Amino acid sequence: MGKSTISAALARALLELAVSKGASRTALVERSRIDPRRLQDPDNRIPLAKCVALMRTGQELCNEPALGLQLGESLGIAELSIVGLIGQACETLGDTFVQVNRYSRLVADIDGATTGDRFVLRREGGQFWLIDTRKKPNDFPELTEFSFARMVCASRRGAAEQFAKAVHVTHAAPVYRAEYDRIFQVPVVFESDKNALLADEEWLTLRSPLASRYVFGILSERADDLLKSLQSSKSTRGRVQTLLMPILHTGDPGVNTIAGKMGLNRQALLGLLRAEGATFEKAVDELRHKMALEYLNGKKVSVNEAAYLVGFSESAAFSGAFKRWTGRSPGEYTGRPPLAKRLLLQPVAFLLFGSFWLLEAVASLSTGSRPDWMPPQADIIAVPISWVSSKVGPRVAAALAFFVGIFFVSLALAGFISLLRRSAKVVTET
């Protein structure tokens, strides 16, 4: 049960049901050790062990041992998660079963199912069964109760007649046997050889009144993303990358450090990664690639800052890795001009600015005003020159303008020379 999880939506529904029946919210949270903030997003994951503690606490505080059955009875198919919404958008109840089963791990991701799907349809002895293949179901029979009650009650609300003709469970009859009869309204067999619903095969062809292919497509895409995220978190590589993320910026995410955090030795961790066709170095590289794209796509950090955040001490090394990942430099990826172009812009700007000052110096001596051929923007230079000329005379003003012009032209020349030297160095090195 250690790696099994349930959706926060299911845990929250259980919590609210227990509170509505008189249980203390504070006691439920404290005794189950569930962080209430984790319940705000229905797509969050809650360890199954904490859900079991929540169920047991709720049963005790409410004095209601049938809490699992009643939770399944009270929840509609669309209330629990995106899985229910996908089910409603399907054309037939058979399609609904296929899709809900496909994404059932988003509701309860239980380790140890005997097949790829938790629920299977099977003909046995001339009868048609919907079977729950979960291993060790009697460790937490309330999950079986919840699942079957939700299926039966949801179909009863949406179809003309109930699809289940009998209910079989592997656990012994509880003291609240009467609740089984009230909720299922069909024969119930306890201590059976399987957890299953005996069904009428014709229910698979019943059409859903809310079918929508458009909605189905949108919801399925979102559910696929959630399923991939869940699977990644359960793989060794996904767990390694989760642990790497907060220390990636240190630049030295050693395999021994991560192995220690996972309670493994170095060789054991490397062996688990190798079994998944991965290496520790590849996991680090993949995470750096992913995080670099997120930082630069958000455009909230510079290239140098992104390099630091993903663990590169030198921007040149980061640029080389980024080009290997994407085929482009970080500057090209973010739309920033190449370094050579950025370096060229400054001396060109100095040259133009200095030239304007020199031309204004000549113009102030010859005409005393800005020539018609100069752009209006040159007034930013002409106005201060005119003011200086009115105070100390045109010759002093012209000399001042000439000095400023020479200064900026000199800066431009120095910039051009620096660029030439840089270019020559690159040619020599290559």
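Because the structure is a prediction, the values reported are computed rather than measured. The analysis underlying the following values was restricted to heavy atoms, covering all of them including side chains, and did not include hydrogens, waters or symmetry mates.
The two residues Pro137 and Thr144 have their closest heavy-atom pair at CB-OG1, 4.1 Å. Scanning all heavy atoms of the two residues, the minimum distance from Arg45 to Arg38 falls at O-NH2, 3.2 Å. In plain terms, the two heavy atoms of Arg288 and Gly311 that are nearest each other are NH2-O, 3.4 Å. In plain terms, the two heavy atoms of Ala8 and Ile46 that are nearest each other are CA-CG1, 3.9 Å. Counting all heavy atoms, side chain and backbone alike, Ala321 lies closest to Phe312 at CB-CZ, 3.7 Å. Across every non-hydrogen atom of Val152 and Ala164, the tightest pair is CG2-CB, 3.9 Å.
Lys323 NZ to Phe318 CZ: the interatomic distance, rounded to the nearest 0.5 Å, is 13.5 Å. The CG atom of Leu54 sits 10.0 Å away from the CG atom of Leu17 when rounded to the nearest 0.5 Å. In this structure, NE2 in His168 is found 14.5 Å from CG in Asp132, a value given to the nearest 0.5 Å. Separation of atoms CG (Leu14) and CD1 (Ile34) is listed at 8.0 Å; rounding is to 0.5 Å. Separating the CD atom in Glu64 from the CG atom in Leu71 is a distance of 12.0 Å, to the nearest 0.5 Å. With rounding to the nearest 0.5 angstrom, the CZ atom of Arg134 is 4.0 Å from the CG atom of Leu143.
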Worked verdict on Phe190 versus Val167 for side-chain contact (heavy atoms from CB on, under 4.5 Å): CA-CA 9 Å; Phe190 294 94; Val167 177; over 6 Å; no
Stepwise side-chain contact (heavy atoms from CB on, under 4.5 Å) test for Gln70 and Lys21: CA-CA 11 Å; Gln70 294 171 0; Lys21 291 180 175 293; 2.9 Å; yes
Trace of the side-chain contact (heavy atoms from CB on, under 4.5 Å) decision for Lys290 with Trp325: CA-CA 10 Å; Lys290 175 184 176 182; Trp325 295 328; over 6 Å; no
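The backbone N or O of Trp129 lies less than 3.5 Å from no partner atom in the side chain of Arg122, so there is not a single donor-acceptor pair. Between the side chain of Lys50 and the main chain of Arg33, a donor-acceptor pair closer than 3.5 Å is present.
Residues forming a ring pair (Phe, Tyr, Trp, His ring centres under 6.0 Å) with His171 (at least two apart in sequence, or on another chain): none. Residues that satisfy the ring pair (Phe, Tyr, Trp, His ring centres under 6.0 Å) test with Tyr176, not counting sequence neighbours, are absent from this structure. Partners of Thr57 according to the side chain to side chain contact (heavy atoms under 4.5 Å, CB included) rule, which considers only residues two or more places apart in sequence or in another chain, are Leu28, Arg31, Leu61. Remark: Ala149 pairs with Leu69, Ile183, Phe184 by the side chain to side chain contact (heavy atoms under 4.5 Å, CB included) rule, at least two apart or across chains.
For the pair Leu293/Thr326, a side-chain contact is recorded, criterion being any heavy-atom separation below 4.5 Å from C-beta on. Side-chain contact check for Pro330 versus Ser319: some heavy-atom pair is nearer than 4.5 Å. Two residues are said to be in side-chain contact when any heavy atoms from C-beta on lie closer than 4.5 Å; Leu130 and Leu121 meet this criterion.
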Donor-acceptor contacts under 3.5 Å from residues 266-275 side chains, at least two apart:
none

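The environment of CZ in Arg324 is crowded: more than 12 heavy-atom neighbours from other residues, nucleotides or ligands sit within 6.0 Å. Enclosure of atom CG in Asn63 is not indicated, since only 12 or fewer non-hydrogen atoms of other residues, nucleotides or ligands lie within 6.0 angstrom.
Among pairs with a residue in residues 407-418, none fulfils salt bridge (Lys or Arg N to Asp or Glu O under 4.0 Å), at least two apart in sequence or across chains.
Of the N and O atoms on the side chains of Lys165 and Gln127, not one donor lies less than 3.5 Å from an acceptor on the other residue. Side-chain atoms of Ser147 and Arg118 include a donor-acceptor pair closer than 3.5 Å.
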